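Atom set for the values below is all heavy atoms of this structure, side chains included, hydrogens, waters and symmetry mates excluded. Reminder, nothing fancy here: chain letters follow the sequence lines and each chain counts from 1. Note that the structure is predicted; figures quoted are calculated from it, not measured.
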Amino acid sequence: MPELPEVETVARGLAASLEGHVIVKVQQNRADLRIPFPPNLKTRLEGRRVIHIGRRAKYLLLSLDDGQILVVHLGMSGSVVIRHDPSLPPQPHDHLVLTADDGVVYVLNDPRRFGLVEMVAADRLDEHRLFAGLGPEPLGNAFNGKSLAKAFAGKKTPVKAALLDQRVVAGLGNIYVCEALFRSGISPLRLAGTVKGAKAELLVQSIRQVLDLAIAAGGSSLKDFVHADGELGYFQHSFTVYDREGRACPGCTCDIAQTGGIERIVQSGRSTFYCPRKQR
DNA sequence: CGGCAAACCTGCGAGC
DNA sequence: TGCTCGCAGGTTTGCC
């Protein structure tokens, strides 16, 4: 489900409620998601205070008072929701349930189980296998036209696939890559190595813009994404190309009956939505 | 090494 | 109504 804006939205919602509180009870309902849960997770979490909640790429980071970080990835279908009424019945696919010292309950639910939970020492986070190869944060200072062009240099893969590569830039997924490419007027079929100079700079600005707007909208709620507080994001109403096959391209003045509007193609096994007239 | 398809798993909507 | 098929926001593996 979630790309960077959705994970950022969840992190902010959790921070507002859970930061500063002690985890008093942990209920783990299965042994693994994509990978096994950390051994002795219950023992390692109970009694710990959550001192900070942040995000790196698409990973939620819950910093604990013992120097460890609880790392959570939501995969395609994961969510973390706050359950203020602990008497509510558990839902299918509730895999991990944390109770805080104020009685508030936090539930990790993930039907497809593509997500993961890991425990990492804070001072070793960057060298951990999940984080060691990650590219720069797209909203950070290290990400700019020059650095992106450098990461693209010599790549023969389509720019769409290159932007989905978390080693190039960390946090983009299928939706926001499609949207950013549309904003920059770059065809998803163009080879990454040909995107440089002013084009690379424009692409960087397009990525930043679409992520900023999506975060301000609380992310995108397609099927099942909800904020930690249960609210829906609404950026899906602002999609220009994603999931809009056959619809008019905003800014295209040509006749949609003749052009067919937004097109859907498959690249590396995943849907790409774009306008072949505006994106070159 | 680079690039792509397939695999992991469940749910849902479309179409017959 | 009920079935089958295809597709879904991610990442890793293994093959060419």
Write down the atom of [X], the atom of [Y], and the distance for their closest heavy-atom approach.
X	Y	answer
A:D65	A:R48	OD1-NE, 2.6 Å
A:R30	A:F37	O-CD1, 3.4 Å
A:P158	A:L189	CB-O, 4.1 Å

Does [X] place a side-chain N or O at less than 4.0 Å from the phosphate oxygens OP1/OP2 of [N]?
X	N	result
A:H93	B:dC9	no
A:S77	C:dG10	no
A:K156	B:dG3	no

Side-chain donor-acceptor pair under 3.5 Å between [X] and [Y], yes or no?
X	Y	answer
A:T240	A:E179	yes
A:N29	A:H95	no
A:S220	A:Y242	no
A:N109	A:S79	no

(request) Among the candidates B:dT10, C:dG10, B:dG3, find the nucleotide nearest to the side-chain atoms of A:N174. (result) C:dG10
(message) Among C:dG10, B:dT10, B:dG3, which nucleotide has an atom closest to any side-chain atom of A:H73?
(response) C:dG10
(message) Using the rule given for salt bridge (Lys or Arg N to Asp or Glu O under 4.0 Å), can you reason through A:D94 versus A:R83, listing the C-alpha separation, both sets of side-chain angles and the distance that settles it, and then say yes or no?
(response) CA-CA 12 Å; A:D94 283 355; A:R83 191 171 292 162; 3.2 Å; yes
(request) Could you work out the separation of C:dT11 and B:dC1 based on their P atoms and round it to a whole Å? (result)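 After rounding to an integer number of Å, I get 22 Å for this pair.
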(request) Report yes if the ring of A:F114 lies under 5.5 Å from the six-membered base ring of B:dC9 with planes under 30°, and no otherwise. (result) no
(request) Inspect the surroundings of NZ in A:K146 and state if more than 12 heavy atoms from other residues, nucleotides or ligands are less than 6.0 Å away. (result)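 At most 12 heavy atoms, drawn from other residues, nucleotides or ligands, come within 6.0 Å of this atom.
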Whole-Å distance separating the [atom1] atom of [X] from the [atom2] atom of [N]:
X	N	atom1	atom2	answer
A:I175	C:dG10	CD1	C1'	12 Å
A:Q166	C:dG10	CD	P	8 Å
A:R112	C:dC7	CZ	C1'	9 Å
A:I35	C:dT12	CD1	P	10 Å
A:L164	B:dG3	CG	P	14 Å
A:F131	C:dG10	CZ	C1'	15 Å
A:D110	C:dG9	CG	P	15 Å
A:R113	C:dG9	CZ	C1'	18 Å

(message) Run through DNA chain B and report every stem of 3 or more consecutive Watson-Crick or G-U pairs, distances under 3.5 Å, ordered by first number.
(response) B:2-8 with C:10-16, B:10-16 with C:2-8
(request) Taking only heavy atoms on the protein side, list every residue of residues 268-276 of chain A lying under 4.0 Å from any atom of DNA chain C, sorted numerically. (result) A:R270, A:S271
(request) Walk me through it: do A:Y59 and A:F131 pass the test ring pair (Phe, Tyr, Trp, His ring centres under 6.0 Å)? (result) CA-CA 9 Å; A:Y59 294 93; A:F131 299 90; 4.8 Å; yes
(message) Can you work out whether A:R167 or A:R34 has the more 5'-proximal nearest nucleotide on DNA chain B?
(response)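 The residue whose closest nucleotide sits nearer the 5' end is A:R167.
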(request) Quick one: label A:Y242 by what it contacts on the DNA or RNA (base, sugar-phosphate, nothing), any heavy atom closer than 4.0 Å. (result)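 Touches sugar-phosphate only.
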(request) Remember a base hit wins even if backbone is also touched, and classify A:P158 as base, sugar-phosphate or nothing at under 4.0 Å, heavy atoms. (result)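 Sugar-phosphate: the residue A:P158, judged by heavy atoms under 4.0 Å, touches backbone atoms but no base.
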